Protein chains: 2
Amino acid sequence: MRKTVQKQVILSTVLASCDHPDAETICERARAVIPSISLGTVYRNLAQLAADGKLKRISIPDSGDRFDKNVEEHAHFHCLGCGKVIDVNLNFEQMDSCKEFLTEKMGVTLTKITVVMQGYCSDCAKGE
Amino acid sequence: MRKTVQKQVILSTVLASCDHPDAETICERARAVIPSISLGTVYRNLAQLAADGKLKRISIPDSGDRFDKNVEEHAHFHCLGCGKVIDVNLNFEQMDSCKEFLTEKMGVTLTKITVVMQGYCSDCAKGE
DNA sequence: GGCTTATTGATAACGATTATCAGTAACATT
DNA sequence: AATGTTACTGATAATCGTTATCAATAAGCC
Ligand SMILES: [Mn+2]
Ligand SMILES: [Mn+2]
Ligand SMILES: [Zn+2]
Ligand SMILES: [Zn+2]
């Protein structure tokens, strides 16, 4: 993996983000530093950085992927009103025992766990 | 919602499925009964039936949606080798208390929870 | 500096899903 | 049973997020 200014800016952009931005948002933010950076380059580097474990890609149902500086295993809440994604800290004892069950009793190899809760945040109130 | 042969066949196809088929697979199976049924009609009815609670749509990261006759809340394992999706029965005490936390302490309204574990099933062994 | 090749920006291609639309059929009303 | 209304159909185009392609560029090694 070659070190480029684009890659450095993309990574530092994600590391500086306190939300869970998507590729396009990251591209816009990176353009504050490198106005000519292309969306393709952003996607390419995000994929590479995620594969390298420097950041995390989060799949959200019916929505584009988000990116997270927190690479620890944790759940997310996705607001169907405003689209924001927030962390949900679960003490997954149950999850851990489930993982154990899958790996030991079923011979399954786990590589990734996705937990997304969806609904409406307090700002977006229930009724519209 | 109007009752049509297409809708009935699509629903009974899903109800008769013991796996977690995607729209195209459901379309192929439905064509055994109605050879002329179109994929668009399958998508349209699956969306309608899911909205009506008669079946469940499952989002799988980096893959097309699957459909499930089991509308109860449950987790899934997705094999990255053969693509199959199998049920994972979690006793989500932790999940329930998390839902309570989100709704009561954060004022969040929950409508949908997605739990997908990915990796390799025993048939697909770890090393290819 | 010169060489190799990973990376870039621009653009095309992709796959899953949804939208569009004229023709058809479900079903309520006569 | 004939009619009228309109949800639904099949065919097709369009959408959206993402990946692939490719000539030009630049990172990093000698
Ligand atoms: Mn997070
Ligand atoms: Mn299931
Ligand atoms: Zn919101
Ligand atoms: Zn498998």
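Below, read A as the first sequence line, B as the second, and so on, with proteins coming before strands; counting in each chain starts at 1. For clarity, every value in this text was computed on a predicted model and none was experimentally measured.
Judged by closest nucleotide on DNA chain D, B:S38 is the one of B:D62 and B:S38 placed further toward the 5' end. Positionally, the nearest nucleotide of DNA chain C for B:A23 lies more toward the 5' end than for the other of B:V5 and B:A23. Summary of the strand contacts: B:G40 and B:I10 both lie near DNA chain D, and taking for each the nucleotide with the nearest heavy atom, the more 5' one is attributed to B:I10. Remark on DNA chain C: of its neighbouring residues B:M1 and A:V42, the 5'-side contact belongs to A:V42, judged by nearest-heavy-atom nucleotide.
Nucleic acid contact for A:E24: none, since no nucleic acid atom lies under 4.0 Å from a heavy atom of the residue. Note on B:S36: only backbone sugar-phosphate atoms sit closer than 4.0 angstrom, heavy atoms only; bases stay farther off. If you check every strand for non-hydrogen atoms under 4.0 Å, A:N45 touches sugar and phosphate atoms only. Base contact: A:T41 has a heavy atom under 4.0 Å from a base atom.
Side-chain proximity of A:Y43 to the nucleotides D:dG17, C:dA16, C:dT20 is greatest for D:dG17. Of the candidates C:dT17, D:dG10, C:dG9, C:dT17 carries the atom nearest the B:L39 side chain, counting heavy atoms from C-beta on. Distances from the side chain of B:T4 to the nucleotides C:dA26, C:dT17, D:dT19 place C:dA26 closest.
Computed from coordinates, the A:D65 CG to D:dT19 P distance equals 8 Å when rounded to whole Å. Whole-Å rounding puts the B:L46 CG to C:dA16 P distance at 15 Å. Put simply, CZ on A:R2 is 4 Å from C1' on C:dA6, counting in whole angstrom units. Rounding to whole angstrom units, CZ of residue B:R57 and P of C:dT17 are separated by 6 Å. Going from atom CD1 of A:I37 over to atom P of C:dT11 covers 17 Å, rounded to whole Å.
The two residues A:I37 and A:A30 have their closest heavy-atom pair at CG2-CB, 4.3 Å.
Applying the 4.0 Å criterion to OP1 and OP2 of D:dG10, one finds that B:Q6 has a side-chain N or O inside that range. Contact check, A:Q48 against C:dA6: no side-chain N or O comes under 4.0 Å of OP1 or OP2. Note on B:K7: a side-chain N or O is less than 4.0 Å away from OP1 or OP2 of D:dC8.
For the pair B:K7/B:Q48, a side-chain contact is recorded, criterion being any heavy-atom separation below 4.5 Å from C-beta on. A:V85 has its side chain out of reach of A:V116: every pair of non-hydrogen atoms, C-beta onward, lies at least 4.5 Å apart.
Ring orientation note: the planes of A:H76 and A:H20 are nearly perpendicular, at an angle over 60° on the 30°/60° scale.
For B:R44 against C:dT18, a side-chain-to-base donor-acceptor contact under 3.5 Å is absent.
Using a distance-only test at 3.5 Å, with no hydrogens or angles considered, no donor-acceptor pair links the side chain of A:D52 to the main chain of A:K54.
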